[in-house]
Amino acid sequence: MGSDGYGYAEWTRRFEEERERRRAQGDPDWARGAVLHRAVWAGVQRFQVGEDGDGANLVAKAEGAGDADYARAVRLFVAEEQNHARLLALLLAAGGRPTLSGHWSDTVFVRLRRLLGLRTELLVLMIAEVVALRYYRALRDGTDDALTSEVAGRILADERRHVPFHCARLHDSLDGLPAVTRRPVMALWRLLLLAATLVVAADHGAGLRRLGVGRRRFTADVMASSAEVTGAVLAPRRDARTGTGGERRRAPGGRPR
């Protein structure tokens with residue numbers, strides 16, 4: 001059961017509802033085309049590589065966790081990430097830009113994710129997800145290109161659901177560790193997140209400036225959101241923190257937990 005008290009069947013239902021909503025909504029109007037500065041296009045190309053992938057390793061680990069509802073939710077999550085890659089590829093095409101065959105940063109993340117089990121995979125994945133939250137917000141708000149803003153907004157809405165989903169699973173996973181090790185694990189996660197964010201800020205600096213977000217602000221915003229993630233993952237169990245109806249913690253981008 002997910003730490004939000006609803007269980008992973010509820011997460012599956014939410015993913016399925018979103019899938020049907022996307023089908024009814026249809027794609028953006030790609031014929032409008034897109035015009036962005038070359039530095040911004042470079043960032044879109046790199047994030048498109050990061051969104052691309054079959055997710056087979058994550059799905060296999062989720063299926064091995066022994067919770068069919070969670071495994072189903074993970075497959076739906078992977079499908080959403082693949083849709084992000086598709087949307088970004090079509091946005092690039094609308095601007096006359098090619099997709100990249102790969103990028104060193106994505107290669108590093110994939111190798112780190114596959115080192116150990118599901119918990120490590122999710123911790124590394126969450127680094128990418130939290131960084132992506134800030135990047136897609138900058139891309140949505142920092143350009144006057146309507147098609148780009150629409151695509152970024154759609155992806156951002158999905159990412160805001162993904163983060164609390166992964167927080168719920170990490171909460172359950174870390175709950176099995178001794179209490180004295182949980183905070184050090186998340187402290188190490190925040191250090192790794194800071195390192196990754198600094199790399200992204202340096203690599204995407206020119207594009208971020210074009211979007212109205214400097215390197216320092218981008219880094220500060222990511223780290224601020226990481227405190228919310230840590231709080232959600234380390235929160236006491238629902239029965240211990242709410243009793244018969246106390247105030248519940250809200251996961252970043254999600255409903256009350």
Side-chain angles (χ1 to χ4, degrees), residues 1-32 34 44 47-94 99 118 121-122 125-126 128-130 132-137 139-141 145-172 229 232 238 248 250-257:
M1 173 173 286
S3 64
D4 56 8
Y6 292 90
Y8 295 111
E10 171 64 13
W11 282 108
T12 297
R13 184 190 65 78
R14 294 178 70 194
F15 277 116
E16 289 174 339
E17 286 182 350
E18 182 60 24
R19 180 185 60 192
E20 296 309 310
R21 189 198 65 78
R22 283 197 306 272
R23 287 176 178 171
Q25 180 184 31
D27 267 7
D29 179 9
W30 304 113
R32 286 181 291 176
V44 174
F47 269 83
Q48 193 277 333
V49 172
E51 298 281 5
D52 203 10
D54 61 12
N57 196 63
L58 175 60
V59 169
K61 289 177 181 178
E63 290 176 343
D67 186 326
D69 288 329
Y70 176 65
R72 171 64 175 163
V74 166
R75 287 193 291 272
L76 292 165
F77 156 74
V78 169
E80 287 194 357
E81 293 289 291
Q82 292 171 337
N83 186 56
H84 296 173
R86 184 186 69 87
L87 289 173
L88 292 174
L90 290 170
L91 175 63
L92 288 165
T99 58
L118 179 60
E121 175 118 7
L122 291 179
L125 176 61
M126 278 287 283
E129 295 282 90
V130 172
L133 276 176
R134 187 62 186 95
Y135 174 75
Y136 288 122
R137 180 157 64 93
L139 189 62
R140 182 196 64 183
D141 299 340
D145 182 82
L147 181 60
T148 299
S149 294
E150 180 180 352
V151 170
R154 290 189 184 202
I155 296 175
L156 180 62
D158 287 344
E159 298 292 1
R160 284 175 169 166
R161 286 182 295 101
H162 294 173
V163 169
F165 169 60
H166 295 312
C167 280
R169 183 66 193 190
L170 283 170
H171 181 283
D172 292 347
V229 170
R238 182 170 178 259
R248 288 183 286 168
R250 183 181 298 275
R255 60 171 178 264
R257 292 163 47 83

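If you read the sequence from its start, that first residue is 1, and numbering goes on from there.
- For the side-chain contact (heavy atoms from CB on, under 4.5 Å) test, residues two or more places apart in sequence or in another chain that qualify with Glu80 are Phe15, Glu18, Arg22, Asp158, Arg161, His162.
- Considering all non-hydrogen atoms of both residues, Ala34 and Asp145 come closest at CA-OD1, 3.3 Å.
- Side-chain contact between Arg137 and Arg160 is present, with heavy atoms from C-beta onward closer than 4.5 Å.
- Leu133 and Leu156 make their closest contact through O-CD1, 3.4 Å (heavy atoms, listed as atom of the first residue, atom of the second, distance).
- The minimum heavy-atom distance linking Cys167 with Met126 is given by the pair SG-CE, 3.7 Å.
- Expressed to the nearest 0.5 Å, how far CD of Glu63 lies from CG of Leu58 amounts to 10.0 Å.
- Looking at heavy atoms from C-beta onward, Trp30 lies in side-chain contact with Val151 at the 4.5 angstrom threshold.
- The CZ atom of Phe47 sits 8.0 Å away from the CD atom of Glu51 when rounded to the nearest 0.5 Å.
- Under 3.5 Å, the side chains of Asp172 and Tyr70 contain no donor-acceptor pair of N or O atoms.
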Test log, rule side chain to side chain contact (heavy atoms under 4.5 Å, CB included), inputs Val229 and Glu129: CA-CA 11 Å; Val229 170; Glu129 295 282 90; over 6 Å; no

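- Closest approach of Arg32 and Ala146 over heavy atoms only: NH1-CB, 3.8 Å.
- Atom CZ in Arg23 sits 13.0 Å away from atom CZ in Arg21 (nearest 0.5 Å).
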Pair Arg169-Leu118, side chain to side chain contact (heavy atoms under 4.5 Å, CB included): steps then yes or no: CA-CA 10 Å; Arg169 183 66 193 190; Leu118 179 60; 3.9 Å; yes

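- No side-chain heavy atom of Pro28 sits under 4.5 Å from any side-chain heavy atom of Leu90.
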From CA spacing to verdict: salt bridge (charged side-chain N to carboxylate O under 4.0 Å, His left out), Glu17, Arg14: CA-CA 5 Å; Glu17 286 182 350; Arg14 294 178 70 194; over 6 Å; no

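- Across Ala152 and Arg140, no two heavy atoms sit closer than the pair CB-N, 3.6 Å.
- Summarising the geometry, atom OG1 belonging to Thr99 is positioned 10.5 Å from atom CG belonging to Leu88; distances are rounded to the nearest 0.5 Å.
- Put simply, CH2 on Trp11 and NE2 on His166 are 9.5 Å apart, with the number rounded to the nearest 0.5 Å.
- Atoms CZ and CG, on Phe165 and Leu170 in that order, are 10.0 Å from each other to the nearest 0.5 Å.
- Pairing each heavy atom of Asp69 with each of Thr12, the nearest pair is O-OG1, 3.1 Å.
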